[in-house]
Amino acid sequence: MIDDGRPLFAQIAERVEDSIIDGTLSEMSRAPSTNELASFYSINPATAAKGINLLVAKGVLEKRRGIGMFVTEGARGLLINEHRTTFSDTYIAPLLNEADRLGLGSEDVIALITERSRELRLTSAIDPVTTKG
């Protein structure tokens with residue numbers, strides 16, 4: 001679960017972000033404490049704190065003295081926009097660069113995506129265990 005070669009604090013921050021994006025942690029709700037995260041993942045509390053501090057600096061979590069950490073209002077939207085930008089940079093930009101190299105226009109790319117999407121849905125309907133499309 002946590003051991004993909006990236007720093008543990010970054011993985012902790014990502015797990016909390018994922019919980020906010022998927023709604024497990026709603027805006028204005030209490031977030032896990034540093035000690036709770038450290039205990040759950042069997043890591044040093046300082047490592048968990050570093051991950052939490054990344055999210056505080058990003059404006060996703062806020063510390064309420066004596067009460068704990070809370071998800072900020074607008075955190076989910078902020079994270080979705082950030083992930084959308086990352087998705088675009090990681091996948092869309094290279095896709096469009098390769099399409100341009102092959103002489104494909106935007107309509108061609110959209111047609112290919114639509115076609116592949118249909119194929120994946122069909123495959124998923126036939127064998128939902130092997131395809132998650």
Check: Can you get from F40 to V16 by hopping between Ile, Leu, Val, Met, Phe, Trp and Tyr side chains that sit under 4.5 Å apart?
Finding: yes
Notebook entry, point to check: Would a hydrophobic clustering, with Ile, Leu, Val, Met, Phe, Trp and Tyr connected at side-chain separations under 4.5 Å, put F9 with I52?
Noted result: no
Checklist line | L8-L54 co-clustered via ILVMFWY side chain contacts under 4.5 Å | finding: no
Margin query: Looking at every non-hydrogen atom in both residues, tell me the closest pair between A48 and A38 and how far apart they are.
Written below: CB-N, 4.0 Å
Margin query: Distance check, rounded to the nearest 0.5 Å: L79 atom CG versus E17 atom CD?
Written below: 5.0 Å
Checklist line | N/O donor-acceptor pair under 3.5 Å between S33 side chain and E36 backbone | finding: yes
Notebook entry, point to check: Between the side chains of D22 and T24, is a donor N or O closer than 3.5 angstrom to an acceptor N or O?
Noted result: yes
Note to self: With a 4.5 Å cut-off on side-chain heavy-atom distances among I, L, V, M, F, W and Y, is there a chain of contacts connecting I113 to Y91?
What the structure shows: no
Next item on the list: Look at R118 together with E115 and state whether they make a salt bridge at an N to O cut-off of under 4.0 Å.
Entry: no
Check: Rest of the hydrophobic cluster containing I67 (Ile/Leu/Val/Met/Phe/Trp/Tyr, side-chain heavy atoms under 4.5 Å)?
Finding: F70
Check: About how many Å separate CG of L78 and CD1 of I20, when rounded to the nearest 0.5 Å?
Finding: 9.5 Å
Note to self: Could you measure the distance from the CD atom of E73 to the CD atom of E62? Nearest 0.5 Å is fine.
What the structure shows: 9.5 Å
Next item on the list: Begin from the C-alpha positions of I110 and T114 and carry the test side-chain contact (heavy atoms from CB on, under 4.5 Å) through to its verdict.
Entry: CA-CA 6 Å; I110 291 168; T114 301; 4.1 Å; yes
Checklist line | side-chain contact (heavy atoms from CB on, under 4.5 Å) assessment of K50 paired with I12 | finding: CA-CA 9 Å; K50 192 170 180 182; I12 294 296; over 6 Å; no
Notebook entry, point to check: Are side-chain heavy atoms of L25 and P32 found at a separation under 4.5 Å?
Noted result: yes
Next item on the list: Report, as yes or no, whether the 6.0 Å neighbourhood of atom CZ on R84 holds more than 12 heavy atoms from other residues, nucleotides or ligands.
Entry: no
Margin query: I'd like to know whether CD of E119 has more than 12 heavy-atom contacts from other residues, nucleotides or ligands below 6.0 angstrom.
Written below: yes
Notebook entry, point to check: When rounded to the nearest 0.5 angstrom, what distance separates OG1 in T34 from CG in N53?
Noted result: 7.0 Å
Next item on the list: Any chance you could measure T85, atom OG1, to I80, atom CD1, to the nearest 0.5 Å?
Entry: 12.0 Å
Next item on the list: State, to 0.1 Å, how close S88 and P94 come at their nearest heavy-atom pair, and which atoms those are.
Entry: O-CD, 4.4 Å
Item checked: Side chain proximity check, R15 to Y41, heavy atoms < 4.5 angstrom -> yes
Check: Heavy atoms, side chains only, cut-off 4.5 Å: are D108 and L102 in contact?
Finding: no
Check: With a 3.5 Å cut-off and no angle check, do the side chains of R121 and S117 form a donor-acceptor pair?
Finding: yes
Check: How long is the span from the OG1 atom in T86 to the CD1 atom in I92, to the nearest 0.5 Å?
Finding: 12.5 Å
Notebook entry, point to check: So do the side chains of V71 and L61 get within less than 4.5 Å of each other, counting heavy atoms only?
Noted result: yes
